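Bear in mind that the values here come from a model prediction, so they are computed numbers and not experimental data.
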Amino acid sequence: QVQLVESGGGSVQASGSLRLSCAASGITFSEYCMGWFRQAPGKKREAVARLDRYGTTWYADSVKGRFTISKDNGKRTLYLQMDSLKPEDTGVYYCGAVWIWARVPDCPSTTAPYWGQGTQVTVSS
C-alpha cells in the first residue's frame, strides 16, 4: 500500500530553520509529482512548494527564497528545507503525491490521492 510519512517538524524561534522529510513507500517514487502543503489554524490548506517528475520546482510567493524542496530518489524521500522561518509559517505541513505527467504548478493539488499524516511546525516570535 502507498504510504507517506512526514517528520522533522517542531518548535523554533523566528529566523530559525527546520528540515522536513517525507518518506514514501508503495509508489514508483521518481514518477510522481510531489509537494508540500500547509494548513494554519482557521485557514485552508495551501501549497508551499512543488516538485514534478521532470525535476522542476515551484514555490508560493510567501516562501520564495526561504524554502527549498528537493528529493532523493534512492532514499524515496522528499525534503523541505525551511530557513528564515517566520511566525506566519506556523501550521501543519503535509506531503502530497500524484502519479501524473503534468508539470508544476498544476500538480500536486489538494485533490492529490496520497497524503502523509502531517507534521506540526510552530514558529514563535
Side-chain angles (χ1 to χ4, degrees):
Q1 61 178 350
V2 176
Q3 186 172 25
L4 302 176
V5 181
E6 300 98 334
S7 62
S11 297
V12 65
Q13 293 185 321
S15 81
S17 298
L18 285 173
R19 191 187 196 195
L20 306 184
S21 297
C22 172
S25 62
I27 66 171
T28 305
F29 189 79
S30 63
E31 298 179 355
Y32 278 70
C33 184
M34 307 183 74
W36 289 96
F37 294 70
R38 69 186 179 192
Q39 187 163 25
K43 296 185 178 180
K44 64 183 301 183
R45 187 174 299 187
E46 63 174 352
V48 296
R50 294 173 162 115
L51 177 61
D52 61 30
R53 66 193 297 169
Y54 312 101
T56 305
T57 61
W58 174 93
Y59 300 94
D61 288 341
S62 61
V63 307
K64 284 182 178 177
R66 300 188 298 118
F67 290 12
T68 303
I69 187 171
S70 63
K71 66 176 180 179
D72 185 323
N73 287 333
K75 295 182 178 179
R76 289 176 171 269
T77 302
L78 181 74
Y79 303 99
L80 183 66
Q81 178 66 44
M82 305 186 293
D83 298 319
S84 302
L85 284 163
K86 304 175 180 179
E88 307 92 271
D89 296 318
T90 293
V92 179
Y93 283 68
Y94 300 89
C95 171
V98 58
W99 193 98
I100 195 170
W101 294 101
R103 298 175 182 271
V104 298
D106 292 337
C107 67
S109 70
T110 55
T111 62
Y114 307 118
W115 295 92
Q117 82 290 344
T119 185
Q120 177 70 44
V121 170
T122 302
V123 184
S124 59
S125 60

Show me the donor-acceptor pairs, under 3.5 Å and distance only, between side chains in residues 24-31 and residues at least two apart or in other chains.
{"residue": "E31", "atom": "OE1", "partner": "W99", "partner atom": "NE1", "Å": "2.9"}

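Applying the salt bridge (Lys or Arg N to Asp or Glu O under 4.0 Å) test to pairs two or more places apart or on separate chains, those with a residue in residues 75-98 are R38-D89, R66-D89. Within the structure, no pair that satisfies the salt bridge (Lys or Arg N to Asp or Glu O under 4.0 Å) test touches residues 90-113, not counting sequence neighbours. Listed by first and then second residue, the salt bridge (Lys or Arg N to Asp or Glu O under 4.0 Å) pairs that reach into residues 47-59 come to none, sequence neighbours excluded.
Under the 3.5 Å distance criterion, the side-chain polar atoms of E6 are matched with a main-chain donor or acceptor of C95.
The line from CE of M82 to CZ of R19 is 11.5 Å long, rounded to the nearest 0.5 Å.
There is no path of hydrophobic side-chain contacts, each under 4.5 Å, that joins V121 to V5. When the side chains of ILVMFWY residues are joined at heavy-atom separations under 4.5 Å, either directly or via intervening members, Y79 and L4 end up in two distinct hydrophobic clusters. Linking ILVMFWY side-chain heavy atoms closer than 4.5 Å, directly or via other members, places M34 and Y59 in a single hydrophobic cluster. Residues V48 and Y94 do not share a hydrophobic cluster, defined by chaining ILVMFWY side chains whose heavy atoms lie under 4.5 Å apart.
With sequence neighbours left out, A14 forms a side-chain contact (heavy atoms from CB on, under 4.5 Å) with P87, V123. Residues that satisfy the ring-ring contact (aromatic ring centres under 6.0 Å, His included) test with W115, not counting sequence neighbours, are F37.
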